[in-house]
**Student:** 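A single structure is presented below for examination.
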Amino acid sequence: MAMATATATEGTETNDDGARPWQSYHTVYTTAKAGMDGVDKEKVQRTVYEMSKGSKYFQNEERKDAFITQKIDKLRTQCDKLTQADLSHFQKVADRRILELEALRDLSRIWLHVDMDAFYAAVETLSNPTLKGKPMAVGSMSMISTANYEARKFGVRAAMPGFIARKLCPELIFVPTDFNKYTHYSDLTRTVFRRYDPNFMAASLDEAYLDITEVCKRRNIKSEEIAEELRTSVYEETGLTCSAGVAPNRLLAKVCSDINKPNGQYVLPNDRMAVMTFISSLPIRKIGGIGKVTEHILKAVFGINTCEQMLEKASYLCALFSQSTADFFFSVGLGLGKTDSPEVRFRKSISNERTFSATEDEVLLYKKLAELAEMLSTDMQKEGLCGRTLTLKLKTSSFEVRTRAMTLRKYISSREDILKHASELLKAELPLSVRLIGLRMSHFDGDKYGGSTSNPKQKTITDFIASVDADRNRFLPDVADHDFVSHTETNVSIGSCQTSRDPADGNHSSDVNCQSGTGWSSEEIQTSGNNASCSNYGQVKEAVESTFPIQGQFEDTSTLNLSNLLDDERLNSCEDKTMLWLNDYKCSLCGIELPPSFAEERLEHSDFHLAEKLQKEESRIHQRTSVSSRSWDQKNRITRERISKKQKLSQKEGSYRPIDYFFLLKSNKNRPS
DNA sequence: GCGGATCAC
DNA sequence: TATGGTGATCCGC
C-alpha cells in the first residue's frame with residue numbers, strides 16, 4: 001500500500017534512511033484475516049518485502065504508490081483550503097444527507113451471509129485426507145488461491161505468490177486448482193441454502209446471501225437457531241464447515257460472518273442501537289467496497305479508521321468527494337446496506353485474459369490474440385451473445401496495464417470478426433513488451449439501456465440510495481455459477497446522471513482524481529503511430545492462420561488503418577438529451593434550480609421532462625405541437641402512471657416517507673428512529 | 001464512449 | 001524463475 005509515504009498522520013512510521021523499509025510495503029495479503037492470529041506479522045512482512053524488492057512487480061507497486069501519495073497530497077491541500085464558512089455549509093449538507101439516508105433504514109428483514117471456510121483447500125482435503133493437518137495451499141508457484149488454516153499460521157494467504165509462500169513455509173504442499181470439484185461441492189451447499197431461501201443470492205462458489213425473514217417467521221424460531229441448523233446441515237451433507245453472519249442487511253451480514261470464522265457464527269439483532277454500537281468501532285477495511293487504497297486515503301487525509309468516524313468527518317467527505325461516494329461513506333457510518341430481494345441481472349461484459357512470459361515477438365502476440373478471440377467467441381456463442389464494444393487489455397512487461405476499446409456499428413460474435421478488430425487494436429500498440437493480453441466484449445445486443453434510447457436516467461431517491469450500497473457489484477454469477485441468471489429493472493449507473501458536486505457558492509474544485517500522466521507520453525503515441533503498419537505482416541498472418549485458418553478476413557485487416565476504422569466502423573458519440581443536475585443544482589434542460597435535498601421535487605421535475613419528451617414523440621406522430629409548462633401537472637400524472645410500478649417495487653412498504661417529514665422532525669429536535 | 005483505477009472473490 | 005482471471009463500477013475526460 002503505502003510504500004514511500006511516511007506521513008504526518010501516520011506518526012508511527014519511521015522511514016528514516018530505510019531503517020525498516022519492509023514496514024511501508026503493505027501488500028494486500030498482510031491484512032488481518034481469519035486464522036492469522038498468532039502470526040509473526042513483522043517477519044512475514046519482511047520476508048514478502050525481501051522476496052519482492054527490486055522486481056518489476058515491485059517497481060510497479062512503487063509507481064502506483066506514488067500516484068496514491070500524490071492523490072493524498074492533493075486532497076490534503078483541498079482540505080486546508082476549506083474556510084470555516086465552507087465547512088459549516090458542508091456540515092449542513094452532510095447532516096441533511098445523513099438524515100435522508102437514515103430515513104431509509106430498513107430493519108424489517110433478516111439476512112444471513114454464509115461463507116465456506118477455506119473452501120478450495122477444504123474440498124481438496126476431503127478428496128485427499130492425507131493432507132489433513134498439514135500446511136497446504138491451492139494454487140501454483142505464481143499464485144495461491146486459498147491456504148488452509150495450518151498454512152495461514154505461517155502467514156500464507158490467498159493472492160500471495162507461491163514462491164513467497166514457500167519461503168514462509170518450506171514444507172507447504174501445493175495442490176493445483178480443480179474447478180470441477182469446487183463446483184460440485186458448491187452445488188451441494190446450495191441445495192441446503194435453497195431450503196432456507198429458495199431465492200438465495202450466490203455471491204461466488206463459496207459465498208451466499210439468504211433472506212431468512214420468512215423461515216424465521218414460519219417456524220417461529222430465532223435467526224441464531226436457523227444459522228446453527230443451516231451450518232450443521234451443510235456439514236452433514238458436504239463434510240465442509242462454514243461460517244455465518246446474521247444482520248438486518250447484507251452489508252452487515254457479510255461483516256458478521258467474518259467475526260467467528262472458521263466454523264462459527266455471529267448474530268447482530270435488528271435493532272438500531274445494536275447496529276450503531278456494532279458499527280462504531282468497526283475498522284472501515286472490514287466493509288465490502290473499501291479496499292486497501294480507499295482505506296489508506298481515508299486514514300491519511302482525514303484520520304478515519306472506524307466506521308463511526310465517517311460521520312464525524314462528514315463535512316470533509318461531503319466537500320471532497322462526489323455525492324455518490326459521500327453517500328456510500330455515510331451509509332457505512334450508519335450501518336446501512338441493501339435489504340431488498342435479489343434482483344436478477346444481465347451480464348454486462350464477457351472477457352478472457354492470459355498471462356505469459358513477457359515477449360515483444362509480434363508473431364507470438366498475434367497468435368495469443370487469435371487464441372483469445374477463439375475462446376471469447378466460443379464463450380459468447382455458448383450464451384448466445386453478440387456485442388458491439390471490443391476492448392483489448394495489455395499488461396506490459398513492467399506491469400503497466402493499458403486498455404484500448406472500439407465500438408462497432410454491428411454486433412459481432414464470430415472469432416473472425418473479433419480477431420479482425422482486436423488485431424487492429426493491438427497493431428496500434430506495437431512494438432511493446434507484453435506479459436498479458438485480454439479481450440472483453442460488452443454492449444450486447446438486447447442490452448436494455450445500451451444505446452441512446454430514451455430512458456429516464458433520473459432515479460427515484462429510493463433507487464438512488466439503495467444503489468449506494470457497497471455490495472452493489474457483488475451479485476453477479478461467476479463463470480461456474482449456473483444458478484443465478486439475471487435481469488434487472490433499473491440497470492442504470494448513478495454516475496451517468498451526476499455532474500460536479502461543487503456547490504453553487506463554492507470556488508474550490510471537488511476533483512479528487514489525480515489523473516496525471518499515466519505513462520502515455522506523446523512520444524510513445526508517436527512511436528506507436530509510426531509502427532502502425534505491421535512490419536512482419538507475412539509472419540503474423542502465417543502464425544494466425546496456422547492457429548485458426550481464416551478465409552480472407554485477415555487480408556482485409558492489413559489494409560484497414562485506424563482512420564478507416566473511425567470512418568467506417570466506429571460510431572460517433574450519439575447524444576440524446578438526458579436531463580441532469582448541473583453542479584447538482586440546476587436542470588440541464590430548463591435551468592430551474594433545485595437543491596439535491598429536494599428529492600421529491602426533483603423526481604417530479606424529471607418526470608415532467610420525461611412526459612414532455614413522450615408528448616413530443618407523440619405529437620410528432622400526430623403532426624401536432626408543443627408543450628407548455630402550464631400543463632406540468634397533467635403530464636406529470638401520465639408519467640407517474642407509467643413509472644408507478646417501478647416505484648412501488650423500489651420502496652419497501654412503510655419505510656418510505658417524504659423528505660420534508662424529516663426536516664420537520666429535525667426542526668422539532670426529534671430524531672427519526 | 002474511452003481509459004485508468006479500484007474492488008471482490 | 002516466478003505476482004491470476006472474471007466481472008463490475010466510478011470518475012474525468
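A, B, ... follow the sequence lines: proteins, then strands. Residue 1 opens every chain.
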**Student:** When the distance from CE of A:M160 to P of B:dC9 is rounded to whole Å, what number comes out?
**Tutor:**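 That distance rounds to 18 Å.
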
**Student:** Of the options B:dT6, B:dC2, C:dG4, whose atoms approach the side-chain atoms of A:T407 most closely?
**Tutor:**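 So the side chain of A:T407 is nearest to B:dC2.
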
**Student:** What residues, two or more places apart in sequence or in another chain, satisfy salt bridge (Lys or Arg N to Asp or Glu O under 4.0 Å) together with A:E360?
**Tutor:**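 With neighbours one apart ignored, the set is empty.
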
**Student:** Need to verify one output field. Residue with the more 5' nearest nucleotide on DNA chain B, A:T389 or A:R440?
**Tutor:**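 Whichever sits nearer the 5' end wins; that is A:T389.
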
**Student:** Among B:dG4, C:dT3, B:dT6, find the nucleotide with the atom closest to the side chain of A:S52.
**Tutor:**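 Nearest nucleotide to the side chain: C:dT3.
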
**Student:** Mark yes or no: A:K368 above the aromatic ring of A:F356, with NZ or CZ under 6.0 Å from the six-membered ring centre and no more than 45 degrees from the axis.
**Tutor:**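 Ring-cation test returns yes.
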
**Student:** Contact class for A:R354 vs. all strands (heavy atom < 4.0 Å): base, sugar-phosphate, or nothing?
**Tutor:**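 Contact class for A:R354: sugar-phosphate only.
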
**Student:** Need one value for A:S357: base, sugar-phosphate or nothing, where a base atom within 4.0 Å counts as base even if backbone is also close, heavy atoms only.
**Tutor:**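 Here A:S357 touches no strand at all.
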
**Student:** Roughly how many Å is it from NZ in A:K71 to P in B:dA5, rounded to a whole number?
**Tutor:**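 That distance rounds to 9 Å.
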
**Student:** Check this one for me: any side-chain N or O of A:S442 less than 4.0 Å away from OP1 or OP2 of B:dG1?
**Tutor:**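 No, outside the criterion.
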
**Student:** Quick one: on DNA chain C, does A:S351 or A:T325 contact a more 5' nucleotide (nearest heavy atom)?
**Tutor:**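 Whichever sits nearer the 5' end wins; that is A:S351.
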
**Student:** Tell me which nucleotide among B:dG3, C:dT3, C:dC10 gets nearest to the side chain of A:Y25.
**Tutor:**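 Taking heavy atoms from C-beta onward, the closest nucleotide is C:dT3.
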
**Student:** Round to a whole Å and report the spacing from NE2 of A:H443 to P of B:dC2.
**Tutor:**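 Result: 9 Å.
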
**Student:** Is the NZ or CZ atom of A:R46 positioned over A:Y49's six-membered ring, under 6.0 angstrom from the centre and within 45° of the axis?
**Tutor:**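 Output no; distance or angle outside limits.
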
**Student:** Can you tell me how far P of C:dG7 sits from CD of A:E353, to the nearest Å?
**Tutor:**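 About 9 Å, once rounded to whole Å.
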
**Student:** Return the value, rounded to whole Å, for the distance between atom CZ of A:R347 and atom P of C:dT9.
**Tutor:**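 Roughly 13 Å, once rounded to whole Å.
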
**Student:** What is the separation between atom OH on A:Y120 and atom P on C:dG4, rounded to the nearest whole Å?
**Tutor:**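 In whole Å, C:dG4 P lies 16 Å from A:Y120 OH.
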
**Student:** When you get a sec, tell me which of C:dT9, C:dT6, B:dA8 is the closest nucleotide to the side chain of A:R285?
**Tutor:**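 Between C:dT9, C:dT6, B:dA8, the one nearest the side chain of A:R285 would be B:dA8.
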
**Student:** Rounded to whole angstrom units, what separation is found between the CD1 atom of A:I290 and the P atom of C:dT9?
**Tutor:**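 Taking atom P of C:dT9 as the reference, CD1 of A:I290 is at 18 Å.
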
**Student:** Just grab all the side chain to side chain donor-acceptor pair (under 3.5 Å) pairs involving residues 162-175 of chain A, residues at least two apart or on different chains.
**Tutor:**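 Passing the test, one end in residues 162-175 of chain A: no pairs.
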
**Student:** Closest nucleotide of DNA chain C for A:S55 versus for A:S349: which of these residues is on the 5' side?
**Tutor:**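 Upstream on the strand: A:S55.
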
**Student:** Rounded to the nearest Å, what distance is computed from the CD atom of residue A:E62 to the P atom of nucleotide C:dT3?
**Tutor:**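 That distance rounds to 16 Å.
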
**Student:** With no hydrogens and no angle check, is any side-chain donor or acceptor of A:T325 less than 3.5 Å from a backbone partner on A:F321?
**Tutor:**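 Pair absent, no side-chain N/O of A:T325 close to backbone of A:F321.
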
**Student:** Among C:dT9, B:dC2, C:dG5, which nucleotide has an atom closest to any side-chain atom of A:L436?
**Tutor:**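 Selected nucleotide: C:dG5.
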
**Student:** Just to be sure I understand the rule, does A:K395 reach a base, reach only the sugar-phosphate, or reach nothing, if contact means heavy atoms closer than 4.0 Å?
**Tutor:**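 The residue A:K395 makes sugar-phosphate contact but no base contact.
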
**Student:** Give the nucleotide from the list B:dC9, C:dT3, C:dA2 with an atom nearest to the side chain of A:R166.
**Tutor:**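 Shortest atom-to-atom distance from the side chain points to C:dA2.
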
